[in-house]
2 protein chains.
Amino acid sequence: MPTIKDVARKAGVSVGTVSRVLSKNESVKQPLKERVLAAMQELDYKPNLAARALRTNSIDVIGLVVPDITNPFFSQLAKNIEMEAAKRGHSVMLANSHDDADAEQTQIAALLDRAVCGVIVVATSDGGQTHKADVPIVSLDRRFGPYPLVATDHFDGSARIADHLVGLGHRRIAYIAGPQSMEVARQRQEGFVARIKSLSTSDDPIMLTVHEGHFDYDSGEDIGREILKGASSETRPTAIAAASDQQAIGVLRCARDLKIAIPADLSVTGFDDIALAALVVPRLTTLRQPIERLAGSAVERIFAREAAADEAIAGEIVVRESTGTVSSS
Amino acid sequence: MPTIKDVARKAGVSVGTVSRVLSKNESVKQPLKERVLAAMQELDYKPNLAARALRTNSIDVIGLVVPDITNPFFSQLAKNIEMEAAKRGHSVMLANSHDDADAEQTQIAALLDRAVCGVIVVATSDGGQTHKADVPIVSLDRRFGPYPLVATDHFDGSARIADHLVGLGHRRIAYIAGPQSMEVARQRQEGFVARIKSLSTSDDPIMLTVHEGHFDYDSGEDIGREILKGASSETRPTAIAAASDQQAIGVLRCARDLKIAIPADLSVTGFDDIALAALVVPRLTTLRQPIERLAGSAVERIFAREAAADEAIAGEIVVRESTGTVSSS
DNA sequence: CTGAAAGCGCTTACAG
DNA sequence: CTGAAAGCGCTTACAG
């Protein structure tokens, strides 16, 4: 491998000069610069990144730690982060915390030891401590310690779902919430409830019931059954909004069992827009999380290198076949 | 950040000695060693990885390039590779090739520039060139250039599926293959066909038809319909083996449309054991790819640092609800 | 604008 | 067994 010295010799300049053209330093005059460039080309010179790292104490690598890369949402985030980083000539180092706060701690420390230029962490459920780092740390999707959070605007997203449903004429609505111990579950619920409240008037009241569950399929199926079974079509809700796509798909499943037609007799909405949402029958109306923008903003913050406030990015409602106008029964 | 010099001063030894205890060099005598260890502890010393990299010209990082981390199979592979690497104190640098051979090329070069200690590549569909690298490169799942391949034993796996079906009494079987341009599709098909042939005797013949398609849901659904529709239950196959879970799930879908009961009237098998396979109704009998072992073997090869031959790792058949004995119609 | 030189924090022959 | 010293390939004040 040729070194900067070889290039310098070949171009007949000092290594300092080579280094300056390498760093796009404007001070090197045109003729010299060209000779250097030519020499680099000819030798197929590539700077030794380790040497540079030793001097500058930082490498062109972004650390990323996620609870589990196998989770489709996180892998989409990872992909977009990697693309965003690549655009700027950076690589990403990936670590899984397995939803374990200690492992998370260890992984972040290991990344910091490698002198990455910043780390993005999608936190495990519980907390996260402060790290003594002189590079930016940002939390993504789930809050990590004291670091600024980039996340979907869950409150706003739920409100959009509420708008959609009410706009379709629904006046008896059930909301299936996520576990209240999770910030994101609370935000989604609050956004939905608040909007419904503000839309409900004494002339045109909206009935809303809230049912707490977990974010998974089974929870959606169980709670859906509870809401639907036994109730006559005059009393039961005409729409069920779920706090996650998985829950919503569970509701779809139980509606099929109960012979309740969707969307003719019941509208169902999810949240997230996972891949399955577009594959189930009927395809699910949901709120798409702005994954590209989440990733983009997180990466940007690494490069900005300055503390910034939390950022909530608006999602986008995608209307498919699981919602419709309320039938005139 | 304390350096090796600080530790040496505090322990009253030379930096060489500190470096030797760092590298677990046995030559340092007990009393000295302890003093050094104590000093490191006290100062919370962590070696500067960039400096080490500059000297040794290699870092404790494995490069991984996959076509798309968003693909569940690849993300599972990535997770297991990361875990395996972490066990040995290594991190992994992740890159996506987006199924583009040029991008793949670039990504591998970038990884090599960073002096990773090896790179694992799940190749894009077409080929891959040779890289001049003095570190091991291994292809995983899909062959990359001239580098040794670690993959599931597709041939053997398909044969196991054939055994299972024939053991259940099936004698009219249809096989839905993948695109013949792909090595893995050919291997799966050949394994299945060969085993069926060897099991078929003139006394107890087995009828087998083969239908080429793509690996996705729609292809399975379309071909399944072609096979099933119009045929009477006396002439149509009693079992359909698909070359992928996605195809098999497509078959499930069209069987439901056609009111063909599974497994009472038709057995269906897949290949891969994707997460969905255990979620569909009925749950799918399939061949599970040995992901942990694939990842483990690939990582091992990086550390072995010596060229090795291809390795085919046997998968495991997982019998669920989509297969049963042939009904006595 | 360019060169000479120091120095980043390690590892590893080379002595003794 | 341990120390003194060279050197890995860069970057960056400091001169001129």
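The analysis underlying the following values was restricted to heavy atoms, covering all of them including side chains, and did not include hydrogens, waters or symmetry mates. Bear in mind that the values here come from a model prediction, so they are computed numbers and not experimental data. Lettering follows sequence order; numbering is per chain, from 1.
With rounding to whole Å, B:R35 atom CZ is found 11 Å from D:dT2 atom C1'. Separating the CG atom of A:N57 from the P atom of C:dG7 is a distance of 17 Å, rounded to the nearest angstrom.
For the pair A:R301 and A:E311, the salt-bridge criterion is met [side-chain N within less than 4.0 Å of a carboxylate O].
The two atoms that bring A:A53 and B:A50 nearest to each other are CB-CB, 3.7 Å, heavy atoms only.
Dense packing is recorded around CD of A:Q30, with more than 12 heavy atoms of other residues, nucleotides or ligands lying under 6.0 Å away.
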TODO: Starting at the 5' end of DNA chain D, write a dot or bracket for each base, bracketing those in Watson-Crick or G-U wobble pairs whose two distances are under 3.5 Å and using | for partners on another strand.
DONE: |||.||||||||.|||

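Looking at residues two or more places apart in sequence or on another chain, you find a salt bridge (charged side-chain N to carboxylate O under 4.0 Å, His left out) between B:D272 and B:R188. In this structure, the salt bridge (charged side-chain N to carboxylate O under 4.0 Å, His left out) partners of A:R9, at least two apart in sequence or on a different chain, are A:D6. Checked against salt bridge (charged side-chain N to carboxylate O under 4.0 Å, His left out), B:D44 has the following partners two or more places apart in sequence or in another chain: A:K132.
Checked by atom type, the side-chain pair A:Q107/A:S97 shows no donor-acceptor distance below 3.5 Å.
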TODO: Summarise protein proximity over nucleotides 8-16 of chain D in one line of letters, 5' to 3': B for base, S for sugar-phosphate only, - for none, counting protein heavy atoms closer than 4.0 Å.
DONE: BBBBBB---

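Within the structure, the side chain to side chain donor-acceptor pair (under 3.5 Å) test picks out the following pairs touching residues 63-79 of chain B (sequence neighbours left out): A:D68-B:K79, A:K79-B:D68.
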